[in-house]
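Below is one structure, written out as structure tokens; comments come after it.
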Amino acid sequence: MTVRTRFAPSPTGYLHVGGARTALFSYLFARKHGGQFVLRIEDTDLERSTAESVNAILEGMTWLGLDYDEGPFYQTQRFDRYNAVIDALLAKGLAYRCVCSKERLEKLREDQMAQRLKPRYDGHCRGHEVDPNTPHVIRFKNPADGVVVVDDMIRGRVVFANAELDDLVIRRSDGAPTYNLSVVVDDADMGITHVIRGDDHLNNTPRQINILRALGHEPPRYAHVPMILGDDGARLSKRHGAVSVIAYRDQGYLPEALLNYLVRLGWSHGDQELFSLEEMITLFEIGDVNKAASAFNTDKLDWLNQQYLHHADPARIARLLSPHMGRLDIDPATGPDLIEVVKAQAARAKTLTELAEISAFFYRDFETFDEASAKKHLRLVAREGLERLRAAFELMAYEDWTLEGLKHVVEAIAEELGTNMGKVAQPLRVAIVGRAASPGIDETLRLVGKDATLRRIDKALAYIAARGVNESS
RNA sequence: GCUCCCUUCGUCUAGCGGUUAGGACGCUGGCCUCUCACGCCGGUAACAGGGGUUCGAACCCCCUAGGGAGCGCCA
């Protein structure tokens with residue numbers, strides 16, 4: 001039997017991290033076992049499903065690289081099939097028409113709650129003959145007694161008493177099938193062998209198994225993965241912390257970093273923290289997934305992203321960085337090779353957005369000096385060093401503007417002044433970068449170029465001069 | 001309310017009857033160093049509580065507490 005898993009989101013919003021992790025686990029399980037991964041869009045809720053959501057989900061899947069072998073299938077295109085199944089259930093006496101009014105159902109519920117009972121449908125219409133022409137819903141005849149055992153790959157053996165379950169609606173009065181029915185039919189029709197989904201569905205599972213059995217199918221294996229909590233441990237919701245995976249992309253996270261973060265949330269392999277997709281596929285074990293919910297921790301995601309930024313192919317990072325530079329109104333073609341900039345800066349940023357911000361100075365003059373940096377380094381005592389550096393740089397030919405040449409000049413000036421590198425390099429750095437942090441001074445100068453270097457030193461000298469006047473007065 | 005599920009450092013986790021309870025992020029001390037990062041070395045901090053079982057419990061059982069999910073003509 002070949003393994004077949006599926007990811008079945010309902011298109012009522014974007015793809016958030018919880019859904020992405022469920023999709024990842026399903027994907028990994030299928031790949032690990034040489035099976036297939038199916039994408040199915042559960043859009044039976046016509047009110048809330050939108051085409052934008054479908055697109056957002058597909059875009060998220062693509063960005064993460066969770067490629068599926070079949071689909072996307074849309075449940076709205078399979079209504080005929082669901083209705084045929086429902087009719088068959090009706091014909092076999094495994095389902096029945098119900099004409100109970102909303103009012104009756106509400107009262108029933110209230111009474112049960114008042115008696116401290118679990119609200120359940122009481123089977124009022126079970127035995128009744130109903131005229132098919134009057135408005136009605138169709139309910140599944142759930143077994144009255146016995147138990148349903150869910151042998152969950154993550155939770156272990158969970159037992160539900162049929163007496164706790166009621167006769168659920170499988171077709172609405174408007175003729176549309178409900179979730180529990182369509183899921184079951186699809187999973188059976190699509191040959192899904194392993195259902196990996198959020199644990200909010202655990203309570204639905206016995207109902208689905210009962211329907212499956214009524215249909216004459218053996219249930220698939222189930223794995224209910226715990227949900228993801230927000231940074232503060234509270235439930236993730238649209239209002240609170242639940243962000244689209246696309247938002248992570250736009251904030252400058254790498255898909256492999258998010259995937260790595262997600263796979264380690266609720267799962268581990270010894271002390272290993274970094275996993276390539278290939279490693280995930282071979283090492284991931286669904287049975288080792290934790291049972292408890294886990295909190296999303298942005299600090300750790302940031303760390304992972306920095307790791308990947310640092311070690312990924314600079315050419316690729318440069319390509320991904322380009323649009324982030326564009327957002328700062330910088331055209332990378334107007335300055336140093338972006339790949340060189342990435343090599344120099346990659347270890348210094350947590351996200352592509354940050355990488356763009358700290359690299360802007362390579363492409364355009366900064367507006368103002370960082371206050372603290374200027375106050376500390378652009379002082380009267382730094383003036384002579386900057387003047388000497390400027391003079392030396394001006395004499396350098398463009399072809400000598402190299403790492404070695406620049407390093408030699410800065411070191412020579414430091415020696416001339418009888419001081420250390422820091423005393424010379426820091427004022428120079430602030431002059432060139434605008435603040436006190438950058439790659440090595442030689443690399444910084446090389447990438448910034450001779451013209452901008454001279455121009456910015458002049459600006460720094462003017463700053464010192466102006467400040468000197470103020471200080472002495 | 002009822003049913004089901006969950007509970008190791010702040011967070012992610014290792015542990016599967018005998019460990020100084022390990023690792024990672026964060027925070028923090030130091031080293032490296034022209035700065036910031038990176039890297040390296042060190043520190044900080046946990047078995048929810050109570051009963052059992054056992055020579056011995058983070059690990060097995062029970063209870064309590066806390067958290068979550070479900071109980072829709074939503075998925």
Side-chain angles (χ1 to χ4, degrees), chain A residues 8-12 42-45 47-49 75 98 100 102 105 109 112-121 136-139 150 152 155-156 158-161 163-166 168-180 182-183 198-206 224 226-227 229 231-233 235 261 264-274 290-304 306-307 310 345-350 358 373 377 407 410-411 414 420-430 433 435-442 444:
Chain A
S10 61
T12 54
E42 310 219 322
D43 54 354
T44 53
D45 184 352
E47 305 273 301
R48 298 197 300 154
S49 300
Q75 292 192 320
C98 169
C100 289
K102 288 223 158 133
L105 263 18
R109 184 191 161 76
Q112 286 166 331
M113 289 290 270
Q115 288 173 67
R116 302 178 145 203
L117 295 171
K118 177 197 246 183
R120 300 159 50 225
Y121 180 63
H136 63 273
V137 301
I138 295 182
R139 288 182 184 274
V150 180
D152 194 278
R155 301 310 168 102
V158 185
V159 182
F160 295 87
E164 291 294 333
L165 276 23
D166 62 358
L168 70 156
V169 172
I170 55 176
R171 178 152 75 200
R172 298 182 250 259
S173 50
D174 66 1
T178 60
Y179 164 75
N180 281 114
S182 53
V183 167
D199 71 357
D200 46 338
H201 289 290
L202 183 56
N203 288 289
N204 284 324
T205 306
H224 287 94
M227 57 182 225
L229 271 23
D231 258 336
D232 55 359
R235 194 189 198 298
Y261 179 72
R264 276 287 286 103
L265 205 53
W267 176 80
S268 65
H269 180 73
D271 289 339
Q272 189 169 344
E273 295 290 347
L274 267 22
N290 272 184
K291 298 173 182 180
S294 32
F296 194 91
N297 185 230
T298 305
D299 281 338
K300 187 145 185 183
L301 206 215
D302 283 347
W303 175 76
L304 278 167
Q306 183 168 33
Q307 293 291 316
H310 188 13
Q345 294 277 56
R348 295 179 165 76
K350 291 174 163 54
I358 64 170
S373 304
H377 299 291
K407 186 173 165 59
V410 179
E411 281 174 351
N420 57 40
M421 270 292 277
K423 288 281 194 315
V424 175
Q426 276 307 81
L428 178 58
R429 171 171 282 111
V430 176
V433 181
R435 57 196 193 96
S438 85
I441 193 66
D442 44 357
T444 300

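The model shown is predicted, which means the values in this text are computed figures rather than measured ones. In the text below, chain A, chain B and the rest are named by the order of the sequence lines, each starting its count at 1.
- For Ala292(A), the side-chain atoms get nearest to rU7(B) when compared with the rest of rU35(B), rG23(B), rU7(B).
- Using a 4.5 Å cut-off on side-chain heavy atoms (C-beta onward), Pro439(A) and Arg348(A) make contact.
- Considering only the side chain of Ala436(A), rU35(B) comes nearest among rC73(B), rU3(B), rU35(B).
- Neither side chain, Arg109(A) nor Gln112(A), offers a donor N or O lying under 3.5 Å from an acceptor on the other.
- When the C1' atom of rG72(B) is taken as reference, atom CG of Asn180(A) falls 11 Å away, rounded to whole Å.
- In this structure, the separation between CZ on Arg429(A) and OG on Ser373(A) is 10.5 Å, given to the nearest 0.5 Å.
- Note: CZ (Phe296(A)) to C1' (rU11(B)) measures 12 Å, nearest angstrom.
- Which of rG1(B), rC6(B), rG70(B) sits closest to the side chain of Asp200(A) comes down to rG70(B).
- Nucleic acid contact class of Arg348(A) (heavy atoms, under 4.0 Å, all strands): base.
- Whole-Å rounding puts the Gln426(A) CD to rU33(B) P distance at 15 Å.
- Considering only side-chain atoms of Glu164(A), the nucleotide from rA75(B), rC2(B), rC12(B) that sits closest is rC2(B).
- For rG39(B), one of the phosphate oxygens OP1 or OP2 lies less than 4.0 angstrom from a side-chain nitrogen or oxygen of Gln307(A).
- Counting heavy atoms from C-beta on, the side chains of Asp442(A) and Val410(A) never come closer than 4.5 Å.
- You'll find that the side chain of Trp303(A) is closest to rC25(B), out of rC38(B), rC25(B), rC5(B).
- In this structure, Arg109(A) reaches the sugar-phosphate backbone alone: every heavy-atom distance under 4.0 Å involves primed, P, OP1 or OP2 atoms, never a base.
- Following rounding to the nearest Å, Glu273(A) (CD) and rU13(B) (C1') show an atom-to-atom distance of 8 Å.
- Counting any heavy atom pair closer than 4.0 Å across all strands shown, Gly198(A) reaches no nucleic acid atom.
- Here Asn204(A) lies in heavy-atom contact (under 4.0 Å) with a base.
- The side chain of Ser294(A) places no N or O atom within less than 4.0 Å of a non-bridging phosphate oxygen (OP1 or OP2) of rU11(B).
- Note that the CG atom of Asp152(A) and the NZ atom of Lys291(A) stand 9.5 Å from one another [nearest 0.5 Å].
- Nearest nucleotide to the side chain of Phe160(A), out of rA75(B), rU3(B), rC25(B): rU3(B).
- For the pair Ala347(A) and Arg155(A), nearest-nucleotide mapping onto RNA chain B gives the more 5' position to Arg155(A).
- Spacing between atom NE2 of His201(A) and atom P of rC4(B) amounts to 20 Å, rounded to whole angstrom units.
- Side-chain atoms of Arg429(A) and base atoms of rC34(B) include a donor and an acceptor less than 3.5 Å apart.
- Within the nucleic acid shown, Thr444(A) has no heavy atom closer than 4.0 Å to any nucleic acid atom.
- At the heavy-atom level, Gln345(A) lies nowhere under 4.0 Å from the strands shown.
- Residue Lys118(A) places its side chain closer to rG1(B) than to any other of rC5(B), rG1(B), rA75(B).
- In this structure, Leu265(A) reaches the sugar-phosphate backbone alone: every heavy-atom distance under 4.0 Å involves primed, P, OP1 or OP2 atoms, never a base.
- Contact annotation for Val137(A): base contact, defined as any heavy-atom pair under 4.0 Å involving a base atom.
- Put simply, the side chain of Asp45(A) does not reach to within 4.5 Å of the side chain of Tyr179(A), judged on heavy atoms.
- Candidate nucleotides rC38(B), rA75(B), rC25(B) were compared by shortest atom distance to the side chain of Ser10(A), and rA75(B) ranks first.
- At the heavy-atom level, Pro439(A) lies under 4.0 Å from base atoms of the strands shown.
- For the residue pair Ser438(A) / Thr444(A), a side-chain donor-acceptor distance below 3.5 Å is found, with atom types taken as modelled.
- In this model, the phosphate group of rC73(B) is not approached by any side-chain N or O of Ser173(A) to a distance below 4.0 Å at OP1 or OP2.
- Both Asp43(A) and Ala349(A) lie close to RNA chain B; mapped to their nearest nucleotides by heavy-atom distance, the more 5′-ward contact belongs to Ala349(A).
- One interatomic measurement links the two molecules: NZ of Lys300(A) to C1' of rC12(B), which rounds to 5 Å at whole-angstrom precision.
- Residue Asn290(A) places at least one side-chain N or O under 4.0 Å from the OP1 or OP2 atom of rA14(B).
- rA46(B) and rC59(B): their C1' atoms are spaced 15 Å apart (whole Å).
- When each of rC38(B), rC25(B), rG1(B) is scored by its nearest atom to the side-chain atoms of Asn297(A), the top-ranked nucleotide is rC25(B).
- Protein atom CG of Leu117(A) is 21 Å distant from nucleotide atom P of rG70(B), rounded to whole Å.
- Side chains of Asn297(A) and Asp231(A) form a contact here, defined as non-hydrogen atoms less than 4.5 Å apart.
- The side chain of Ser268(A) lies closest to rU13(B) when the candidates are rC2(B), rC38(B), rU13(B).
- For the pair Asp166(A) CG and rC71(B) P, the interatomic distance rounds to 10 Å; values are reported in whole Å.
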